[in-house]
2 protein chains.
Amino acid sequence: MDQKTPADEITSRRRRRAPKKMRAQPLYQQVDNIIRRRLIENVWKPGEAIPSEMQLAAELNVSQGTVRKALNDLVAENLLYRRQGLGTFVSEHTERRALFLFFSIVGSDGARLLPESRVLNCVEDVATKAEAERLELEPDDEVVRFHRVRFFNDIATIAETITLPLEHFPGFGTEVDPPNNLFRFYQSVYGITVAKADEQLAAVSASEEEALLLGIDTGSPLLEIDRIARMLDGRPVEWRVSHCDTRNYHYVAERG
Amino acid sequence: MDQKTPADEITSRRRRRAPKKMRAQPLYQQVDNIIRRRLIENVWKPGEAIPSEMQLAAELNVSQGTVRKALNDLVAENLLYRRQGLGTFVSEHTERRALFLFFSIVGSDGARLLPESRVLNCVEDVATKAEAERLELEPDDEVVRFHRVRFFNDIATIAETITLPLEHFPGFGTEVDPPNNLFRFYQSVYGITVAKADEQLAAVSASEEEALLLGIDTGSPLLEIDRIARMLDGRPVEWRVSHCDTRNYHYVAERG
DNA sequence: CAGTGGTCTAGACCACGCG
DNA sequence: GCGTGGTCTAGACCACTGG
């Protein structure tokens, strides 16, 4: 657990109080990057505690305050969380995290609830042009593509299409059905942590197929959420297009 | 500019190194609240520089580091911004701020552009039940209500209804037409700063009237953005319902 | 040049969680 | 009691801005 990683050494790049000038990057950002790299490389796994401030400071040859600033920045990004008296931990995709960080559909009364899911089908295929572009793949790369319907209190409300790069998810969906909380599944089974997501929203008309699935009229207005989920290093890992019946639920956002 | 405000004194509540126990609130939060209060009371106005860290630390009897933490928290909330070598300034509603902080509609190519506006009408009225509820008003309070259409490159794209509590905006719209950038207008003319906004999104069908305004078919899907804008102290100041034609533009959000 | 914010350190004490 | 993170201080030097 305590192996030194020479590539991580700060001292090799810049001695404390030595050159006095030409600092490429602030120390705390170097520390931030080192920790970030270890998270990406799964040196510290989700749910685990990482070394204490004092230990990191000693290992990296910086002061405790510098480590603290780096850690607090990572906490602000939701990559870590800290508990006084206990330690600093790597964030994991719990139900709660999924609900408040990555799921924005709430009831008219403001109640937050994760919908249940039913998978309709799941195929492996060559990426379409659109899929390759959105997921930043080469033209002939393969993907897993599946459709599902999501239910609030047994009422079909969301129809979605999800595409994953097969490269990162070998054997996905062929053995077991994809579970409801996908991000937790990606993390626990494939070691892939979704760190952020970019969403584009628009209003569309329900197709015949969607109307059937959701029990509404063809042409009814649906809220389209087009989302790219990204790993810790920013690379895309999932493209999801959700069509939501917003008569009893709506999407929420805060600005400012 | 340098008048002491006894109510702001931290030392009256808690002497440095004196009681040693029972700290109600961390010092830096007390400092944060004092500065926040001065922003709310317009002691320091948008665009102006506030006193330096050293001056604030001396006035409030805390260390520079404590002031710095409070200031950085306020910067993270976009209430202040800092420029090395110059000072710390109160944020104002520039075009840029409106565009990146409070306006989420972008073109298919990702281009950000503020649409032009045409006001259709503007009336003073007693608040409806819905308006009173959303703006947290008493049943008989008065409001200003107006409709406008917004254009991207001369193409009508958004129809919106805006309601303001008359109490905060005396004479609004009776003398001059409301300008395109409303938040800047609220700030410069009424001294009201919009600090954050809560948005609810849904998909709806275009009414006959909207269809006419936007040059689309009745029943076409529109993206509804229902937004409450709030002042520095969190009280609602504007209720806006926008219906957007999202065939060439969409709403963007980042999560995580 | 003086003054501002930005980085970094060193060390103190507090509050919390666990054994 | 001990180790953790949380708060607070004091002081150093750096980097940027303006006159």
Subject >> Among D:dT4, C:dC8, D:dG5, the nucleotide that comes nearest once only the side chain of A:Thr88 is considered >> reply: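 Side chain of A:Thr88 sits closest to D:dG5.
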**OP:** Looking only at side-chain atoms of A:Ser63, point me to the closest of C:dC8, D:dG5, D:dT7.
**Re:** C:dC8
Residues in side-chain contact (heavy atoms from CB on, under 4.5 Å) contact with [X], at least two apart in sequence or another chain:
X        : result
B:Glu92  : B:Pro46, B:Thr94, B:Gln187
B:Ser52  : B:Met54, B:Gln55
A:Lys196 : A:Arg230

Decide yes or no for [X] and [Y]: does some side-chain heavy atom of the first lie under 4.5 Å from some side-chain heavy atom of the second?
X        : Y        : value
A:Lys45  : A:Val90  : no
A:Thr88  : A:Leu74  : no
A:Leu135 : A:Glu167 : no

Check the distance between [N]'s [atom2] and [X]'s [atom1] and give it to me in whole angstrom.
X       : N      : atom1 : atom2 : answer
A:Met54 : D:dT4  : CE    : P     : 8 Å
A:Gln55 : D:dG3  : CD    : C1'   : 10 Å
A:Asn61 : C:dT9  : CG    : C1'   : 13 Å
A:Gln64 : C:dT7  : CD    : P     : 19 Å
A:Leu27 : D:dA15 : CG    : P     : 13 Å
A:Gln30 : C:dC8  : CD    : C1'   : 12 Å
A:Leu60 : C:dC8  : CG    : C1'   : 15 Å
A:Glu53 : C:dT9  : CD    : P     : 13 Å

Subject >> N-O pairing of A:Arg235 and A:Glu136 below 4.0 Å >> reply: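 A:Glu136 and A:Arg235: not salt-bridged.
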Original post:
So, for A:Pro178 and A:Phe172, which heavy atoms are closest and what is the spacing to 0.1 Å?
Top reply: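 Heavy atoms of A:Pro178 and A:Phe172 come nearest at CG-CE2, 3.5 Å.
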Original post:
ring pair (Phe, Tyr, Trp, His ring centres under 6.0 Å) with B:Phe102: which residues, sequence neighbours excluded?
Top reply: B:His93, B:Phe183
Original post:
B:Thr66 side chain N/O closer than 4.0 Å to the phosphate oxygens (OP1, OP2) of D:dT7?
Top reply: no
Anything under 3.5 Å between a protein N or O and an N or O of nucleotides 17-19 of chain D, put it in a table, one pair a line.
none

Original post:
Do any of residues 67-82 of chain A sit with a heavy atom less than 4.0 Å from DNA chain D, and if so which?
Top reply: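 Output list: A:Arg68, A:Arg82.
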